[in-house]
Student: 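Next up is a structure, given as structure tokens.
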Amino acid sequence: MTAQSFLEIIRERGFVHQVTDEAALAAALEAGPVAGYIGFDATADSLHVGHLVQIMLLRWLAKTGNRPVVLMGGGTTKIGDPSGRDETRLILTEERIEENKAGIRSAFTNFLTFGDTPGTAIMLDNAEWLDPLRYIPFLREVGRHFSVNRMLSMDSVKMRLDRDQPLTFIEFNYMLLQSYDFVELRRRHGVTLQMGGSDQWGNIVMGADLVRRMDQKDAFGITAPLITTASGAKMGKSAAGAVWLNADRVSPYDYWQFWRNAEDADVGKFLALFTDMPMDEVRRLGALQGAEVNEAKKILATEATALLHGRAAAAEAAETARQAFEQGTAAETLPSITATLPAILADLLVSAGLASSKGEARRLVAQNGIRLNDVAVSDAAMAVTADDLRDGAAKLSAGKKKHVLVRQA
């Protein structure tokens with residue numbers, strides 16, 4: 001696989017939405033290697049599935065012999081990116097930002113190899129150059145290159161103003177800081193490419209323009225499309241909320257289940273975006289219909305889980321699912337809770353995360369959607385007792401795909 005194939009690969013797999021000066025970028029990649037970066041602000045202690053497109057872009061950059069740069073937003077997190085937001089982000093303490101950065105770093109372990117050679121990644125933090133900035137000299141050196149008229153025309157700003165949503169002055173500075181990141185990365189590490197989601201197009205264009213204005217150097221940008229499911233839902237959400245990448249937030253088993261539950265029409269697209277599988281095989285699996293598509297979903301789930309959690313964890317999740325769904329047994333590796341028995345079924349369903357409230361628990365039972373030890377139940381007020389334990393646990397199931405073991409506290 002050669003460096004110049006990076007653009008071809010990501011375009012074929014569905015990663016490309018917009019590119020600045022594609023011909024010049026292709027020439028730079030051919031002459032390569034090229035260093036490219038994506039920034040991740042530390043607004044939570046884990047990334048989620050919605051960030052996977054960006055992570056996979058960095059992975060393909062590495063696999064084609066180029067240099068991926070993971071930029072932690074230790075500085076910009078203190079400001080808050082208004083892109084794609086209708087409200088002002090909460091101002092986080094420096095201690096919380098450091099905790100979040102530590103949690104985020106772990107997500108990259110299986111996707112990228114960090115080192116000092118082409119094809120390996122480096123991780124940097126923009127606090128290194130943003131924290132020491134003297135604001136007035138910064139405005140004189142950097143701010144003079146920004147037209148307020150142009151900034152007001154950018155979607156990240158314009159949408160907030162059009163909706164009469166407040167945009168604080170501190171957020172208005174975010175575009176300057178992100179653009180300045182590109183300048184510093186170009187100077188310090190020879191980074192010539194910035195990538196991000198489609199909502200980052202304005203910031204990326206402004207950053208590339210700032211590099212050219214301040215240093216008279218080439219700079220390029222790529223954005224990826226917003227990924228939605230076939231039914232139009234935002235990628236990375238489940239009924240239980242965000243699908244986090246850290247195992248302490250979402251277990252490998254639940255992560256496997258998220259991909260296993262993909263809509264039929266999404267299988268080919270997700271295999272292309274979220275696995276390393278060859279495109280010939282992706283197209284074959286994506287074309288399957290009827291019952292055969294379930295086997296493709298299992299492959300998607302296992303391959304996506306292997307990338308994040310490792311092959312062993314993916315295999316264990318797949319085997320747990322096979323036992324739970326195909327054999328009807330209570331596999332020991334299913335998610336579990338402890339409870340003092342006897343306990344009311346509706347309470348257990350809420351505690352297990354199988355229902356969001358007692359009202360929903362009663363509705364699921366009334367719709368014959370709840371089983372105890374693979375037997376349908378008809379009374380949400382029934383007591384689950386120690387007599388219901390099988391080998392030390394009772395299996396609660398909501399529908400065909402959600403299972404939790406209940407153990408005696």
Student: Taking atom CH2 of Trp256 and atom NZ of Lys298, what is their separation to the nearest 0.5 Å?
Tutor: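 If I round to the nearest 0.5 Å, the distance is 6.5 Å.
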Student: Taking the side chain as everything from C-beta on, heavy atoms only, tell me whether Leu130 gets closer than 4.5 Å to Leu177.
Tutor: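 With C-beta onward as the side chain, the pair touches.
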Student: Any side-chain heavy atom of His403 within less than 4.5 Å of one from Thr320?
Tutor: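 A side-chain contact is absent here, since even the closest heavy-atom pair is not under 4.5 Å.
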Student: Between the main-chain N or O of Asp276 and the side-chain N or O of Glu303, is there a donor-acceptor pair closer than 3.5 Å?
Tutor: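 No, because the side chain of Glu303 does not come within donor-acceptor range (under 3.5 Å) of the backbone of Asp276.
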Student: Say whether, by atom type as modelled, one donor and one acceptor occur between the side chain of Thr77 and the main chain of Ala42 under 3.5 angstrom.
Tutor: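 Yes.
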Student: Compare every heavy atom of Ala339 with every heavy atom of Leu348, then report the nearest pair and how far apart it is.
Tutor: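 The pair with the smallest heavy-atom distance is CD2-CB, 3.6 Å.
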Student: Taking all heavy atoms of Leu285 and all of Val267, pick out the closest pair and write down the distance.
Tutor: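 Scanning both residues, the minimum pair turns out to be O-CG1, 4.5 Å.
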Student: Under the salt bridge (charged side-chain N to carboxylate O under 4.0 Å, His left out) criterion, do Glu141 and Arg134 qualify, and how do the steps go?
Tutor: CA-CA 11 Å; Glu141 182 183 4; Arg134 293 180 301 151; over 6 Å; no
Student: Just by distance, do the side chain of Ser46 and the backbone of Asn246 share a donor-acceptor pair under 3.5 Å?
Tutor: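 Side chain of Ser46 to backbone of Asn246: a pair is present.
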Student: I'd like to check Leu58 versus Phe111 (side-chain heavy atoms, cut-off strictly below 4.5 Å). Are they in contact?
Tutor: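 Side-chain contact under 4.5 Å: no.
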Student: Would you say the side chain of Val142 lies within less than 4.5 Å of the side chain of Met214, judging by non-hydrogen atoms?
Tutor: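 Yes, at least one pair of side-chain atoms sits under 4.5 Å.
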Student: In the structure I gave you, are the side-chain heavy atoms of Thr275 and Leu300 within less than 4.5 Å of one another anywhere?
Tutor: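 The answer is yes, as the side chains (C-beta and beyond) meet within the 4.5 Å cut-off.
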Student: May I ask you to check whether over 12 heavy atoms, not counting those of Glu281, lie within 6.0 Å of atom CD?
Tutor: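 Yes, the 6.0 Å shell around CD holds more than 12 heavy atoms from other groups.
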Student: Are the side chains of Lys101 and Asp125 in touch, meaning some heavy atoms are under 4.5 Å apart?
Tutor: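 Yes, close enough: below the 4.5 Å cut-off.
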Student: On the 0 to 90° scale, with breaks at 30° and 60°, tag the Phe274-Trp259 ring pair as parallel, tilted or perpendicular.
Tutor: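 Phe274 and Trp259: tilted rings.
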Student: Roughly how far, to the nearest 0.5 Å, is CZ of Phe40 from CZ of Arg105?
Tutor: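 That separation rounds to 13.0 Å.
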Student: Mind checking the CD1-CG spacing from Ile38 to Leu71? Nearest 0.5 Å is all I need.
Tutor: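 Spacing of CD1 (Ile38) from CG (Leu71) equals 10.5 Å.
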Student: Considering only heavy atoms from C-beta outward, does the side chain of Leu396 approach that of Leu372 to under 4.5 Å?
Tutor: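 With C-beta onward as the side chain, the pair touches.
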Student: Before giving the answer on side-chain contact (heavy atoms from CB on, under 4.5 Å), spell out for Phe270 and Met235 the whole-Å C-alpha distance, their side-chain angles and the decisive distance to 0.1 Å.
Tutor: CA-CA 10 Å; Phe270 288 176; Met235 182 65 188; 3.6 Å; yes
Student: From Gln257 CD over to Ser251 OG, what is the distance, rounded to the nearest 0.5 angstrom?
Tutor: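 These two atoms lie 9.0 Å from each other.
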Student: Testing the basics here: between Ala219 and Arg212, what is the closest heavy-atom pair and its distance to 0.1 Å?
Tutor: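 Between these two residues, the closest heavy atoms are O-NH1, 3.2 Å.
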Student: Please find the pair of heavy atoms, one from Gln54 and one from Gly196, that lie closest to each other, and give the distance.
Tutor: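 Residues Gln54 and Gly196, closest heavy atoms: NE2-C, 3.7 Å.
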Student: Are the side chain of Asn373 and the backbone N or O of Asp388 linked by a donor-acceptor pair below 3.5 Å?
Tutor: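 Side chain of Asn373 to backbone of Asp388: a pair is present.
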Student: Looking at Arg13 and Glu8, is any side-chain nitrogen of the basic one under 4.0 Å from a carboxylate oxygen of the acidic one?
Tutor: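 Not counted as a salt bridge, because no side-chain N and carboxylate O are separated by less than 4.0 Å.
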Student: First locate atom NZ of Lys402, then atom CG of Leu334, and finally report the distance between them rounded to the nearest 0.5 Å.
Tutor: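 Separation between the atoms: 14.0 Å.
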Student: Whether the Thr76 and Asp41 side chains hold a donor-acceptor pair (N or O, under 3.5 Å, no angle test) is what I'd like checked.
Tutor: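 Yes, side-chain donor-acceptor contact under 3.5 Å.
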Student: Going through the distances and angles, do Asn110 and Leu308 end up as a side-chain contact (heavy atoms from CB on, under 4.5 Å)?
Tutor: CA-CA 6 Å; Asn110 282 334; Leu308 177 62; 5.8 Å; no
Student: With no hydrogens and no angle check, do the side chains of Gln200 and Gln194 hold a donor and an acceptor under 3.5 Å apart?
Tutor: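 Short answer, no.
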Student: So among Trp129, Tyr180, Phe146, which one has a ring-ring contact (aromatic ring centres under 6.0 Å, His included) with Phe138?
Tutor: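 Going through Trp129, Tyr180, Phe146 one by one, the ring-ring contact (aromatic ring centres under 6.0 Å, His included) with Phe138 is satisfied by Tyr180 alone.
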Student: Can we say Glu12 and Arg283 salt-bridge, meaning some charged N sits less than 4.0 Å from an Asp/Glu carboxylate O?
Tutor: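 The answer is yes: the pair qualifies as a salt bridge.
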Student: For the pair Val377 and Met382, evaluate side-chain contact (heavy atoms from CB on, under 4.5 Å) and give the outcome as yes or no after the intermediate values.
Tutor: CA-CA 9 Å; Val377 295; Met382 70 173 285; 3.8 Å; yes
Student: Quick test of your reading of the model: are Asp215 and Arg186 salt-bridged, counting only N-O distances below 4.0 Å?
Tutor: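 Looking at Arg186 together with Asp215, the answer is no, because their closest N to O distance does not fall below 4.0 Å.
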Student: Among Asn261, Asp264, Thr302, exactly one meets side-chain hydrogen bond (donor to acceptor under 3.5 Å, both in side chains) together with Lys297. Which residue is that?
Tutor: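 Among Asn261, Asp264, Thr302, the one meeting side-chain hydrogen bond (donor to acceptor under 3.5 Å, both in side chains) with Lys297 is Asp264.
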Student: So which heavy atom on Gly221 is nearest to which on Ile204, and how close?
Tutor: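 Nearest heavy atoms, Gly221 then Ile204: CA-CG2, 3.6 Å.
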Student: Would you say the side-chain atoms of Asn126 pair up with the backbone N or O of Gly75, donor to acceptor, closer than 3.5 Å?
Tutor: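 Side chain of Asn126 to backbone of Gly75: a pair is present.
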Student: Where is the tightest heavy-atom contact between Ala380 and Leu345, given as atom of each residue plus distance?
Tutor: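 Taking Ala380 first and Leu345 second, the nearest heavy atoms are O-CB, 3.5 Å.
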Student: Checking side chain to side chain donor-acceptor pair (under 3.5 Å) for the pair Thr120/Arg67: CA distance, chi angles, key distance, verdict?
Tutor: CA-CA 6 Å; Thr120 61; Arg67 183 74 153 153; 2.9 Å; yes
Student: Would you indicate whether the side-chain heavy atoms of Met56 and Leu307 approach each other to under 4.5 Å?
Tutor: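 Yes; the side chains approach each other to less than 4.5 Å.
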Student: Ignoring hydrogens and angles, tell me if any N or O in the side chain of Glu360 forms a donor-acceptor pair with the backbone of Ser356 under 3.5 Å.
Tutor: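 Judged by distance alone, yes, a pair lies under 3.5 Å.
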Student: Set out, in order, the CA-CA distance, both residues' side-chain angles and the distance that settles side chain to side chain donor-acceptor pair (under 3.5 Å) for Thr192 and Asp218, then state yes or no.
Tutor: CA-CA 7 Å; Thr192 57; Asp218 288 334; over 6 Å; no
Student: Roughly how far, to the nearest 0.5 Å, is CG of Leu271 from CG of Asp266?
Tutor: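 Nearest 0.5 Å value for the CG-CG distance: 10.5 Å.
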Student: For the pair Leu245 and Ile55, evaluate side-chain contact (heavy atoms from CB on, under 4.5 Å) and give the outcome as yes or no after the intermediate values.
Tutor: CA-CA 11 Å; Leu245 302 187; Ile55 295 173; 3.8 Å; yes
Student: Look at the rings of His51 and His48 and say which category their plane angle falls in: under 30° parallel, 30 to 60° tilted, over 60° perpendicular.
Tutor: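 Geometry flag for His48 against His51: tilted rings.
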